[in-house]
Amino acid sequence: MFAIHFRIHGTKWQLQKKVEHYKIGTKTGQPFSENGGDTMAIEPQTVSLGWEMVVLTILGLGAMALVGWYSYSKRIGVDVDDFFSASKSLGFVIIALTIFADSYSGNSFLGYAAKTYRSGAWFLVYPQFMVAGVIGSLIIAPPLINLGKKWDYTSPIDYLEHRFNSSVALLAVCFLLWGTFVQFTEQFFAMGYLGHVASGGVLPYQAVIVLFALVILLYVGIGGFRGTALTAALQGALMIFALSMMLVVIGLLGGFTAQMNTVWQVAPDKLTLPSTSTMTGWYSTIVLILLGLPTYIHIQQFYLGVRDAEDLRRTFRLQAPIFLFAALTLWLIGMFGSGALPNLTESQSEQLVPFLLGSFVQSQGGTLLPSLISLGVIMATLSTAGAAVMVLSMVLSKDLYRRYVNPEASDSRVINASRVVLALFLLLALGVSFSPSLTIWGWTELKFEFLLQATPVFIFGLYSHRIKNNPAIAGMIIGCVVAVGLYLTGNPEPLGIHAGIIGFLVNSVVMIGGSYLSGVDEETERAKEILHFNSREPSEETTTGTVKYILPAQSKSFWIGLGIVIAILVPWYAPESWNARAAFGLPIWTWGTIVALCIETAFVLFATYIWREESPTSQPSTVTDDQPSEEEIV
């Protein structure tokens with residue numbers, strides 16, 4: 001029978017002497033030998049997961065294909081709007097789980113746990129920047145969704161071309177495609193690592209990623225956006241379950257506290273307060289993801305599929321605690337691994353999670369739990385890859401092919417073109433990922449550096465009618481040149497600040513400065529008419545035909561609260577005495593940082609309550625939907 005295996009390469013497993021433990025590599029449960037010291041070496045061994053993994057994988061992949069077929073059967077006509085946005089009919093639970101599954105992927109399970117393993121406790125920046133990405137979405141998503149419903153946008157590119165012009169849209173698409181393609185390709189790295197280790201080296205890395213590509217081609221090509229979203233929601237639920245089971249594994253492998261005691265002995269620098277330069281980079285990373293994650297075109301595409309503003313608010317309320325749980329759990333896994341397997345090389349650390357699962361099989365003898373967790377990692381990888389390639393194929397078929405190559409193309413022709421593009425992107429990703437040269441985290445940073453150059457046209461363009469076409473183009477080009485120049489000169493993080501953020505700042509100054517210096521004209525008047533609906537949701541139940549909202553980014557309390565939250569996230573205020581051990585073997589300063597993380601999550605919930613319907617008495621009586629007032633658009 002076909003079997004799935006885990007292999008552990010030259011690592012050490014730390015055991016706590018105060019309670020009964022079992023020797024890794026045995027299934028009989030031999031007690032720990034006091035003569036062995038605090039650590040014991042284990043030889044490379046192959047451990048079979050057996051039929052459970054085979055059956056679960058077949059069932060999981062079969063379910064994905066079934067959802068794709070179900071979505072195909074539920075399509076509302078063979079048209080572009082339904083295939084690429086599910087006719088804006090998805091509820092908040094589906095959207096929240098889908099965006100979670102899209103944001104937390106195989107590179108999260110493997111790459112971020114591995115980065116925590118290598119960096120130590122300061123990588124609490126990871127859960128912080130993931131929640132910060134939700135805050136960034138609170139700035140971009142609400143006005144984009146309102147405009148999308150009013151002006152019938154199928155994709156974010158529709159907004160760019162309507163709000164600006166085709167030149168701005170085309171240039172922004174280049175940055176958006178880069179970010180999404182790298183996100184897509186990262187999943188091949190993660191899946192290849194997992195499959196290779198999980199097969200005990202029997203399945204080559206390259207064979208795993210080819211099989212992975214074929215599965216994506218099947219369910220994305222058939223199901224379209226609705227199929228991708230429903231599949232990702234199911235995958236998101238499985239991911240939450242898998243993360244919960246990883247906490248069980250930590251408990252069964254000696255517990256978190258025991259491994260922190262080991263880290264204090266073998267690598268205490270992983271638990272002490274980071275340096276000033278590290279804290280600067282910490283802040284830079286938070287801002288990088290806060291601005292970059294909501295600029296992902298596939299994230300925006302999922303938001304565009306939501307039914308209404310109330311469902312969008314509920315989506316954020318559900319997202320925030322899920323994002324907190326998932327990222328904090330992966331950080332805990334990385335820290336646990338630092339004590340459990342302290343001698344991994346950089347390339348081996350990328351495979352930390354499958355190594356831990358292999359250790360569980362060797363010590364406990366059970367394979368069902370590791371099989372369920374492995375299925376969750378597979379689903380995480382499939383969810384993000386499927387969403388990313390779906391949107392990539394949409395952009396090239398609907399937003400580029402129909403606009404610039406064949407404007408008369410029918411909906412069915414555009415959909416078929418997207419399937420061809422889907423296959424081509426899969427082939428390209430296979431070519432890039434066949435010989436990985438960077439760590440998963442390295443690719444993540446590189447991705448956001450350039451994706452960030454498309455962010456200003458969303459953040460500023462969605463709120464200010466004064467932002468113009470030519471300054472927007474100049475800003476993106478100059479910002480990109482600055483970011484690339486810093487990279488090519490060997491300065492990817494001058495003064496601890498990411499090159500992409502510096503490029504973003506230059507980009508924003510050029511865009512805003514050039515737009516305001518050129519004054520008001522027909523272009524700004526046209527933009528004012530469009531943006532009049534950035535805080536209005538179409539409604540058939542009101543006399544004006546719209547419901548007016550106060551969006552989070554339009555409230556002073558939002559920006560004051562965000563400033564306070566960002567200020568406390570990085571422990572620059574912690575004295576040296578906070579290096580002392582506290583609960584679970586973690587130093588005091590990490591607990592202060594975790595409290596700040598919880599406050600950050602609570603801030604997301606707070607923002608959804610200041611995002612409220614404007615009372616009729618506060619609306620200008622002389623303003624109609626066709627005549628926006630000067631004060632309404634900044």
### Nearest heavy atoms of G255 and F336, plus distance in Å
O-CE1, 3.4 Å
### Task
Tell me, please, whether F92 has R313 positioned over its six-membered ring: NZ or CZ under 6.0 Å from the ring centre and within 45 degrees of its axis?
no
### Task
Using the six-membered ring wherever Trp is involved, compare the ring planes of F123 and Y126 and label them parallel, tilted or perpendicular (cut-offs 30° and 60°).
parallel
### Task
Give the ring-plane orientation class for F450 versus W178, where under 30° counts as parallel, over 60° as perpendicular and anything between as tilted.
perpendicular
### Summary
Separation between CD1 (I95) and CG (D311), nearest 0.5 Å, reads 8.5 Å
### Query
If you round to the nearest 0.5 Å, how far is CZ of F603 from CG of L138?
7.5 Å
Does any N or O in the side chain of [X] come within less than 3.5 Å of the main-chain N or O of [Y], such that one atom is a donor and the other an acceptor?
X: S284; Y: T280; value: no
X: Q300; Y: P294; value: yes
X: N579; Y: L273; value: yes
X: W591; Y: A582; value: no
X: N507; Y: Q453; value: yes
X: Y283; Y: A567; value: yes

Do [X] and [Y] make a side-chain contact, defined as non-hydrogen atoms from C-beta onward lying under 4.5 Å apart?
X: F100; Y: I240; answer: yes
X: I322; Y: L97; answer: yes
X: T593; Y: W282; answer: yes

#### Entry: For M245, the option from V249, V248, L243 that meets side chain to side chain contact (heavy atoms under 4.5 Å, CB included)
V248
### CA sep, side-chain torsions, deciding dist, call: H498, V287, side-chain contact (heavy atoms from CB on, under 4.5 Å)
CA-CA 9 Å; H498 288 83; V287 174; over 6 Å; no
### Message
Would you say that more than 12 heavy atoms from the other residues, nucleotides or ligands in this model lie under 6.0 Å from the CZ of F325, or not?
### Response
yes
### Task
Assess whether atom OH of Y573 is packed by more than 12 heavy atoms of other residues, nucleotides or ligands within 6.0 Å.
yes
#### Entry: Pair V125-I286, side-chain contact (heavy atoms from CB on, under 4.5 Å): steps then yes or no
CA-CA 7 Å; V125 66; I286 290 173; 3.8 Å; yes
### Task
Tell me, with the steps shown, if L597 and V131 meet side-chain contact (heavy atoms from CB on, under 4.5 Å).
CA-CA 8 Å; L597 171 61; V131 176; 4.1 Å; yes
